[in-house]
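Just so it is clear, the structure is predicted and the values come from calculations on it, not from any experiment. Atoms within a ligand are numbered from 1 in the order they appear, just like the ligands themselves.
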Amino acid sequence: MAVEIFYDDDADLSIIQGRKVAVIGYGSQGHAHSLSLRDSGVDVRIGLPEGSKSRAKAEEQGLRVLTPAEASAEADLIMILAPDTKQRFIYEQDIAPNLKDGDALFFGHGFNIRYDLIKPPSNVDVAMVAPKGPGHLVRRQFVDGKGVPALIAVEQDASGNAQALALSYAAAIGGARAGVIKTTFTEETETDLFGEQAVLCGGASALVQTGFEVLTEAGYAPEIAYFEVLHELKLIVDLMYEGGIARQRYSISDTAEYGDLTRGPRVISPAVKEEMKKILGEIQDGTFAREWVAEDEAGRPKFNELEKKGDEHPIEATGKKLRDLMSWVDRPITETA
Ligand SMILES: NC(=O)C1=CN([C@@H]2O[C@H](COP(=O)(O)OP(=O)(O)OC[C@H]3O[C@@H](n4cnc5c(N)ncnc54)[C@H](OP(=O)(O)O)[C@@H]3O)[C@@H](O)[C@H]2O)C=CC1
Ligand SMILES: CC[C@](O)(C(C)=O)C(=O)O
Ligand SMILES: [Mg+2]
Ligand SMILES: [Mg+2]
């Protein structure tokens, strides 16, 4: 079945402009949504705990900051953009007691609804606006007059108007400039987790680190290895982004293309595809979600150890040294928050 795609002309911005929005969390997505909602004429307040280090950033941008409970009580649309593993506690403690008939509960990712960690009452709309890109780029694209495509989904339509509300919200953060696709909480959650684990983050990081190790262990200069397996990856992905894999193959040399066609499938072998299917199975049957929730509850020992190991990988020191010399590399995407 063909997906439904909506653009600015399909969205009614006045719907979200008529709501009182609370954005809970002011990190990667939270800052992007809040600032762009405000710039689109929406009445927005931020919900953050008293001791949160994000408070100063939000206040510096001229936003009104309340506690999550105060912001939820004041608002009639609550967007939860706190870490996925913290959302159920924030919901129970700060949001649920303040939900009123006709309110809307919004998510930027379907994790807590898909895995039954949050169970909203039947008298509120439950919807999702999930930009398909990192928050800092969502904001930068908005400021540049462009947008990052977004997904919308409605889990519960108490008002009968939840989809129009979600589309209006998505338009206010720039999503409808690029295209807003209708999906479900289940499809968004499972495909998002698969994409970030197997390809975008997990797959790509491991591919780059392994390529760097193979070259440097064979005696090649780390600087040359860095350019070859990391720096140039962006340029190749830019071509894919513009015109697919076919466009990338059109632009590279025939020598590179023959290597791509014959060696690529040896790197991403049938065994890798089998492992990807296993990873998808663990997402679908809830194994990954249970593991991640338990890891977070235990204080993230594995997360912290693996993150530290990644930071200590030799490619990071080489990259830092080289990037400091590259005047042409764009400003950091963390500049806006
Ligand atoms: N990162 C991304 O680009 C994307 C994220 N998403 C989804 O968006 C949501 C937010 O993720 P992300 O932006 O990465 O989150 P971040 O980790 O970047 O930011 C989390 C924010 O929540 C705040 N926070 C922590 N605890 C609480 C609490 N108890 N009450 C209120 N606020 C709290 C943090 O404040 P403090 O400074 O105190 O830690 C911080 O401001 C998730 O559902 C994620 O899956 C979806 C698409 C892309
Ligand atoms: C690719 C990672 C992501 O899913 C995203 C930026 O869309 C996330 O959860 O951060
Ligand atoms: Mg994503
Ligand atoms: Mg994600």
Exercise. Would you list the pairs meeting salt bridge (Lys or Arg N to Asp or Glu O under 4.0 Å) in which at least one residue belongs to residues 256-272, sequence neighbours left out?
Key: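 Qualifying pairs: Arg249-Asp260.
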
Quiz prompt | Arg114 to Phe107, cation-pi by 6.0 Å centre distance and 45° axis angle | solution =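 No, Arg114 does not lie over the aromatic ring of Phe107.
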
Quiz item: Taking it one step at a time, do Thr183 and Glu187 satisfy side-chain hydrogen bond (donor to acceptor under 3.5 Å, both in side chains)?
Solution: CA-CA 6 Å; Thr183 183; Glu187 185 174 59; 2.5 Å; yes

Quiz item: Between Glu59 and Arg64, is the closest basic N to carboxylate O distance under 4.0 Å?
Solution: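 Result for this pair is no, no salt bridge flagged.
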
Quiz item: If you measure from the Lys or Arg side-chain nitrogens to the Asp or Glu carboxylate oxygens, is any gap between Lys320 and Asp324 under 4.0 Å?
Solution: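 Result for this pair is yes, salt bridge flagged.
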
Quiz item: Only one of Ile118, Ile90, Thr189, Thr85 clears side-chain contact (heavy atoms from CB on, under 4.5 Å) with Asn112; which?
Solution: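 Of the listed residues Ile118, Ile90, Thr189, Thr85, the side-chain contact (heavy atoms from CB on, under 4.5 Å) partner of Asn112 is Ile118.
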
With a cut-off of 3.5 Å and sequence neighbours excluded, list every side-chain donor-acceptor pair involving residues 272-281.
none

Quiz prompt | Distance filter under 2.8 Å, centred on the Mg ion (ligand 4) - protein N, O or S atoms that pass it | solution =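 The answer, once waters are left aside, is Asp192 OD2, Glu196 OE1.
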
Self-check item: Ring center gap for Tyr169 and Phe106 short of 6.0 angstrom
Solution: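 When the ring centroids of Tyr169 and Phe106 are compared, they turn out to be within the sub-6.0 Å range.
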
Which N or O atoms of ligand 2 sit under 3.5 Å from a protein N or O, and how far apart is each pair?
residue: ligand 2; atom: 4 (O); partner: Asp192; partner atom: OD1; Å: 3.1
residue: ligand 2; atom: 4 (O); partner: Asp192; partner atom: OD2; Å: 3.2
residue: ligand 2; atom: 4 (O); partner: Glu196; partner atom: OE1; Å: 2.6
residue: ligand 2; atom: 9 (O); partner: Glu196; partner atom: OE1; Å: 3.0

Practice problem: Give the ring-plane orientation class for His109 versus Phe111, where under 30° counts as parallel, over 60° as perpendicular and anything between as tilted. | Solution: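 Ring orientation of His109 relative to Phe111: tilted.
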
